[in-house]
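Step one of this worksheet: look at the structure below.
All ligand and atom numbering here is 1-based and tracks the order in the structure.
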Amino acid sequence: MYDDSSSRIVVGLKGWIDGAAPGARLPSTRTLVAEYGASPVTVQKALRTLTEQGLVETRTGVGTFVRAARVNRPNDYGWQTAALGALPSQPPRSVALRDAPADTIALHSGYPDRELLPERLVRAAFARAARSDAVIGRPPAAGLPELQSWFAGELAAATPSTIVAPTAGDVIVLPGSQSGLTAAFRALAGPGRPLLIESPTYWGAILAAAQAGVHLVPIPTGLDGPDPDEVDRAFDRTGARAFYAQPRFANPTGTSWAPRVVDGVLDILRERGAFLIEDDWAHDLGIDADPAPLAARDDAGHIVYVRSLTKSVSPAVRVAAIIARGPARDRVLADVEAHTMYVSGVLQTVARDVITQPAWRTHLRGVRHQLAGRRDLLMDALRAHVPGAHLHAVPAGGLNIWVRLPDGTDLPRLVRECENAGVLVAGGDGWFPAEPTAPYLRLNFAGPNPGAFPDGVRILGRTLETLAGAR
Ligand SMILES: Cc1ncc(COP(=O)(O)O)c(C=O)c1O
């Protein structure tokens, strides 16, 4: 009551001050007491607040006045420098998260265009969820049992009959797989401990590793994936016990591991008693291929499988899961509980609704065709208009093409000048956990307005030529 009326007076007087000349005298305390029906103590408290905010000054025995020099003082947060200490070294924020103004050709973003999402299914699922108890209840920390079952069932369907399939109890539902990566890095490696990682790799994994304080050990990855001998040597040399990788449709290279790499890495994990954190971010985004996740071949708990629905159901729903077995699962869950506690039951209900509709499968088949058309359009445009570019691979899935540019290309300048010309592209440097080995671009074919891709690539080609001419 007391505080409420004091804030009411503050708000009222602020309006008065806005219309008053600097130096004007405020109504007396007695007038304010009468006007606001408040006690003199409450009025004094309001005046103190206005003084602290630099809006008025009080001259004892004379009255309260609108401050003559009502300068907009710049905020001074300098004290925070001492309180926070030196900036922790952390990768810069990725361009992949940048919003694109409407008139640009966006080849930079990692997120699918609206036409690639099951919008009708998502809207209908939200309408149904709104009428359900999901809007009120608190789901269990590891997730809604029926959604856990769905994730376990999906992996079980890819699991050969000789291997014990995962069950719902192995699943932890997450608010997006990014938080799952951080949780797995913390739980399975930990601060100061080594973690093997492909290079190049997803920038968000590099960021998550920095947050978790793990020490990254980059392993070069190529068209077939990493060389298993190299992986083995890195485990041996560093004493690492975990390897983060994207064996299917990797972001950024678009490649999938060859069967001999899959076999080799599985053997190494068993021999060395190590974990693979398998990031299956593009599970639903296969185009010409649909290789089984490595996790389908493991029942001894070596693979911690991370599977996201963000880019197939909706970035607004953003539900994912980790499937892990044994004590590793409990450790990851403990970490998830400490950081996110549980995922909104509404989002889990909506995600499950969408992926269990018969129309979901039809939708995915349509997306496959659309992605194929978009990928081929972008590849053809690159071949025609950027002859100096080397296309790493024709991605059999995922959303992006990894393009190597001529050595000596000034990458930051190229990105800047393309943007000035209305085309957003992502320089590849952010995808390297160590020094970039060459200038690369990651171009996404899932962005808006694919009809403009050829124009965007023409601009890219011209800009590259101009920069080469200036060298
Ligand atoms: C390879 C990879 N892993 C994980 C993620 C995180 O996705 P989310 O947290 O939305 O599930 C992304 C997002 O771009 C990604 O590209």
Side-chain angles (χ1 to χ4, degrees), residues 91 93-99 106-113 116-117 122 143 147 151 154 171-185 195 197-212 216 221 225 243-257 276-286 293-295 304-323 332 335-336 339-340 343-344 347-348 350-351 354-355 371 395 397-402 426 428 430-433 442-447:
R93 189 167 181 263
S94 172
V95 66
L97 284 180
R98 266 191 63 186
D99 293 330
L107 301 173
H108 70 297
S109 163
Y111 288 89
D113 184 20
L116 296 168
L117 297 170
V122 173
L147 185 57
F151 278 117
E154 181 187 62
V171 176
I172 303 165
V173 178
L174 302 163
S177 58
Q178 181 68 26
S179 62
L181 299 186
T182 318
F185 295 171
L195 172 74
I197 191 163
E198 291 170 295
S199 179
T201 191
Y202 167 49
W203 60 267
I206 302 172
L207 189 64
Q211 281 286 321
L216 286 182
T221 193
F243 177 21
Y244 163 80
Q246 301 170 64
R248 289 161 43 101
F249 317 135
N251 171 8
T253 59
T255 52
S256 298
W257 289 6
L276 177 74
I277 300 162
E278 179 180 15
D279 183 353
D280 196 12
W281 69 285
H283 185 91
D284 299 317
L285 306 173
L294 269 68
V304 172
Y305 176 66
V306 189
R307 194 266 198 247
S308 177
L309 293 168
T310 298
K311 291 179 172 122
S312 48
V313 169
S314 160
V317 176
R318 193 149 182 256
V319 165
I322 278 193
I323 304 185
V332 172
D335 191 283
V336 167
H339 289 89
T340 53
V343 180
S344 153
L347 299 180
Q348 294 191 61
V350 167
V354 171
I355 57 190
L371 287 180
L399 305 176
N400 35 263
I401 298 172
W402 188 233
W431 277 264
F432 284 92
R442 195 202 67 164
L443 300 180
N444 190 291
F445 50 82

Point to revise | Close N or O approach (Gln246, ligand 1; < 3.5 Å) | key: no
Check your understanding: Hey, which atoms in ligand 1 end up nearer than 4.0 Å to a heavy atom of Ser177?
Key -> 4 (C), 5 (C), 6 (C), 7 (O), 8 (P), 9 (O), 11 (O)
Exercise for review: Output the list of atoms in ligand 1 that are nearer than 4.0 Å to some heavy atom of Ser308, sorted by atom number.
Suggested key: 8 (P), 11 (O)
Study note, to complete from the structure: Of Phe249, Tyr111, Tyr202, Trp431, the residue with the heavy atom nearest atom 2 (C) of ligand 1 is Tyr202
**Study point:** Donor-acceptor contact present, side-chain Arg442 to main-chain His108, <3.5 Å
**Key:** yes
Review point. In terms of ring plane angle, is the pair Tyr305 and His283 parallel, tilted or perpendicular, where the classes change at 30° and 60°?
Key: perpendicular
Practice item. Pull out every atom of ligand 1 sitting under 4.0 Å from any heavy atom of Thr310, numbered as shown with elements. Key: 8 (P), 10 (O), 11 (O)
Revision key, fill the gap. for atom 13 (C) of ligand 1, nearest protein heavy atom and its distance come out as Lys311 NZ, 2.5 Å
Check your understanding: For atom 16 (O) of ligand 1, what's the nearest protein heavy atom and its distance?
Key -> Asn251 ND2, 2.8 Å
Check your understanding: Rounded to the nearest 0.5 Å, what separation is found between the CD1 atom of Ile206 and the CZ atom of Phe432?
Key -> 9.0 Å
Practice item. Examine Gln178 against ligand 1 and note whether any of their N/O atoms are separated by less than 3.5 Å. Key: yes
Revision key, fill the gap. So CD1 of Ile401 and OG1 of Thr253: to nearest 0.5 Å the spacing works out to 12.0 Å
Study note, to complete from the structure: The side-chain contact (heavy atoms from CB on, under 4.5 Å) partner of Val332 among Ile322, Ile277, Val306, Leu174 is Ile322
Check your understanding: Mind checking whether Trp281 has an N or O less than 3.5 Å away from an N or O of ligand 1?
Key -> no
Exercise for review: First locate atom CZ of Arg318, then atom CG of Leu309, and finally report the distance between them rounded to the nearest 0.5 Å.
Suggested key: 12.0 Å
Practice item. Give the residue and atom name of whichever protein heavy atom lies nearest to atom 3 (N) of ligand 1, and the separation in Å to one decimal. Key: Asp279 OD2, 2.6 Å
Revision key, fill the gap. Between the CH2 atom in Trp281 and the CG atom in Leu399, the distance rounded to the nearest 0.5 Å is 4.5 Å
